[in-house]
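First the structure, in the form of structure tokens, and then the observations on it.
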Amino acid sequence: MNQLYVPLSRRGFIGAAGAFGGALALAACGGKSTPPGAAGGPSGSAAGGAYNGPNVTLSFWNGWTGADGDYAKKMVSEFNAATKNIKVNMNVFQWADLFQKMPAAVTSGNGPDISAMHGDDIPTQAAQRVIVPIDAIANNLKLSESDFAPAVWQGGIYQNKRYGIPVDVHCLGLFYNKDLFEKAGLDADKPPTNKDEYMNALDKLKSKGIQGSWVSPFQFTGGLMYQSLLWQFGAELFNEDVTKATWDSEGGIAALTFMTDLVKNGYSPKNVGQDADYVALKNGRNALNWQGIWQVNEVTKLSTAKIGLAALPKIGDKGGVWGNSHQFVLPRTQGNDANKVSAAAYFVSWFTQHGADWAKSGKVPAVKKLAESSEFTSIEGLKPFADEVPDVHFPPAVAGISDAMTAMYDAVNAAVLGKSDPASALHSAANKASQILAQNKKKYG
């Protein structure tokens, strides 16, 4: 059995929850939030990995507004049915609304007991003391670095403290229209795996009047495609201590030039609208789309087109795939209800153990062994994304990083739309982002 799922002893689980509760109490008093220690314990218990305390009701906030929200509701219902002394009430917000509401809610004592957020959201929320460290809980759940890909493991850590427990990975993959491949005389079962194969496919598609690789100027998914290419060309978004944006390096410029050349050379239309690349894929006008795993469930059910799914081709010399991870976090609370802390920890453990079920919403389980299980690999279309996880990169764990990333997305937009050449757009954006990083360092510490 994967060591992540060794059932907790009663003493171990209480120790984890109690230590976490101590951190809550300190934070609520206005003190500096510190990693949970080993002392204290709530009256609730978790013998054999089950919560045995009094009845509690937990509030769970997330931003799963799409189809994944339906899966989350189903799993919460299953949890509630199986756990008579815990009731989880799930509230769903747009992600932007969630992060707008949560700080005030936490400060007023009306925040949730549990939340889910993306890995790159964690540093900002941690720096603002909206969420608290959960190292002791993670230790008692026997989380091990070897159970996860490096990027996933590091994704829940901020300033050497663990704030998030990963439940999934979601990343880009190659979606391709098999009907158009056959029309161009290409093997519909052999998608391109490198630059030469990619360009050969595009040339054959172009000879049939098909613009085969539409380039989006927007974050979703052009900005994500750019980051994948940047890593494939051996570049990085930032320097090692994240004080300077470096996407205007030689590799970064080469990545964006590859995208703009697709437009200049007629492999993509100009001025592609938001999501038009994906719509055109389904409608038989676009053959190759760098798209997110969140669209897998839809394309596998299409009756109007045959869409193949594959790992991203390696246009550069290295593996590079944009990705992110949903992670469970525990917000700061004022009541310091030890039973709620213990119950929340058990819910997180239960949900994570059911990661293969959650994968049906269009995700890769965060835990390697779950991603290798027959329960997961039998889900149609997801295996190529699991194969990519070792090449997945996340944004760095720095508070306010999204502010700096916005400048990069603006540069991609300007270059792809032909408003600026790649080098100029990236240089200007990098200078702006470096200033933002300096400002954020003062803002967040």
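Values reported hereafter were calculated over all heavy atoms of this structure, with side chains retained and with hydrogens, waters and symmetry mates removed.
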Validation row: Phe148, Val389 side chains within 4.5 angstrom (heavy atoms): no

So which heavy atom on Val152 is nearest to which on Gln327, and how close? O-NE2, 3.6 Å

Can you find a pair of side-chain heavy atoms, one from Asn85 and one from Val56, that are under 4.5 Å apart? no

Between Ser349 (side chain only) and Ala345 (backbone N and O only), is there a donor and an acceptor less than 3.5 Å apart? no

Pro331 vs Ser115 side-chain heavy atoms within contact, under 4.5 Å: yes

Step-by-step side chain to side chain contact (heavy atoms under 4.5 Å, CB included) determination, Phe347 to Phe60: CA-CA 10 Å; Phe347 172 74; Phe60 172 33; 4.1 Å; yes

Side-chain donor or acceptor of Arg162 paired with backbone N/O of Trp153 under 3.5 Å: yes

Please check if the side chain of Gln227 supplies one atom and the backbone of Gly223 the other of a donor-acceptor pair under 3.5 Å. yes

What do you reckon, is CG of Asn160 surrounded by more than 12 foreign heavy atoms closer than 6.0 Å? no

Under 4.5 Å between any side-chain heavy atoms of Ile165 and Ile134, yes or no? yes

Stepwise side chain to side chain donor-acceptor pair (under 3.5 Å) check, Ser216 with Tyr278: CA-CA 9 Å; Ser216 169; Tyr278 175 62; over 6 Å; no

Report the C-alpha distance between Ser59 and Asn89 in whole Å, list the side-chain angles of each, state the deciding distance to 0.1 Å, and finish with yes or no for side chain to side chain contact (heavy atoms under 4.5 Å, CB included). CA-CA 5 Å; Ser59 174; Asn89 290 328; 5.6 Å; no

Mark yes when over 12 heavy atoms from residues, nucleotides or ligands other than Lys432 sit less than 6.0 Å from its NZ; otherwise mark no. no

Evaluate the criterion side chain to side chain contact (heavy atoms under 4.5 Å, CB included) for residue pair Trp290 and Trp214; output intermediate values, then yes/no. CA-CA 9 Å; Trp290 295 42; Trp214 289 32; over 6 Å; no

Does the Lys363 side chain pair with the main chain of Lys360, one donor and one acceptor, at a distance under 3.5 Å? no

Let me confirm one number: the CG-CG distance from Leu224 to Leu229, rounded to the nearest 0.5 Å. 11.0 Å

Does Lys282 have more than 12 heavy atoms from other residues, nucleotides or ligands lying within 6.0 Å of its NZ? yes

Please lay out, stage by stage, how Leu330 and Ile137 fare under the test side chain to side chain contact (heavy atoms under 4.5 Å, CB included). CA-CA 11 Å; Leu330 299 187; Ile137 289 176; 3.9 Å; yes

Mind checking whether Trp95 and Phe99 have parallel, tilted or perpendicular rings, split at 30° and 60°? parallel

Leu437 and side-chain contact (heavy atoms from CB on, under 4.5 Å): which partner among Thr243, Val242, Asn239? Val242

Heavy-atom closest contact (Gly400 atom, Thr124 atom, distance): N-OG1, 2.7 Å

Taking all non-hydrogen atoms of both residues into account, name the closest pair between Gly164 and Pro166 and its distance. O-CD, 3.7 Å

For Phe238, is there any backbone N or O sitting under 3.5 Å from a side-chain donor or acceptor partner on Thr246? yes

Distance-only side-chain donor-acceptor flag, Tyr176 / Gln291, under 3.5 Å: no

Quick check for you: to the nearest 0.5 Å, what is the distance between Thr300 atom OG1 and Leu382 atom CG? 8.0 Å

Passing option when Phe351 is tested against Phe328, Tyr71, Tyr346 for ring pair (Phe, Tyr, Trp, His ring centres under 6.0 Å): Phe328

Any donor-acceptor pair under 3.5 Å linking the side chain of Asp337 with the backbone of Asn339? yes

Sub-3.5 Å donor-acceptor pair from the side chain of Glu380 to the main-chain atoms of Lys301, do we have one? no

Does some side-chain heavy atom of Leu426 sit less than 4.5 Å from a side-chain heavy atom of Tyr226? yes

Value for CG (Leu262) from OG (Ser268), rounded to nearest 0.5 Å, stands at 7.0 Å

Go through it in stages, so that I can follow the logic: the residues are Trp358 and His326, the test is side chain to side chain donor-acceptor pair (under 3.5 Å), and I'd like the CA-CA distance, side-chain angles, deciding distance and then a yes or no. CA-CA 11 Å; Trp358 175 238; His326 289 117; 4.8 Å; no

Heavy atoms, side chains only, cut-off 4.5 Å: are Met117 and Ile122 in contact? yes

Going by distance alone, is a donor N or O of one side chain under 3.5 Å from an acceptor N or O of the other, for Thr352 and Trp350? no

Heavy-atom side-chain contact between Trp231 and Lys318 under 4.5 Å: no

Hey, are Lys74 and Asp357 close enough for a salt bridge, meaning a charged N less than 4.0 Å from a carboxylate O? no

What's the separation between atom CG in Asp121 and atom CE in Met102, rounded to the nearest 0.5 Å? 9.5 Å

How many angstroms lie between atom CE of Met225 and atom CG of Leu256, to the nearest 0.5 angstrom? 10.0 Å

Residues Lys383 and Asp387 bridged, charged N to O under 4.0 Å: yes

Check whether any side-chain N or O of Asn177 sits under 3.5 Å from a backbone N or O of Leu281 as a donor-acceptor pair, and report yes or no. yes

Give the minimum heavy-atom separation between Ala311 and Leu174, together with the two atoms involved. O-CB, 3.7 Å

Compare every heavy atom of His170 with every heavy atom of Trp322, then report the nearest pair and how far apart it is. CZ3-O, 4.0 Å

Treating Asn286 as the side-chain partner and Asp277 as the backbone partner, does any N or O pair qualify as donor plus acceptor under 3.5 Å? yes

Identify the heavy atoms of Ala359 and Phe376 that sit nearest to each other, and give their distance. CB-CD1, 3.7 Å

Distance in Å, Asp113 CG paired with Thr57 OG1, rounded so as to fall on 0.5 Å steps: 9.0 Å

Do Lys73 and Val76 touch side chain to side chain, with heavy atoms closer than 4.5 Å? no

Between Asn324 and Gly119 (side chain of the first, backbone of the second, donor and acceptor by atom type, cut-off under 3.5 Å), is there such a pair? yes

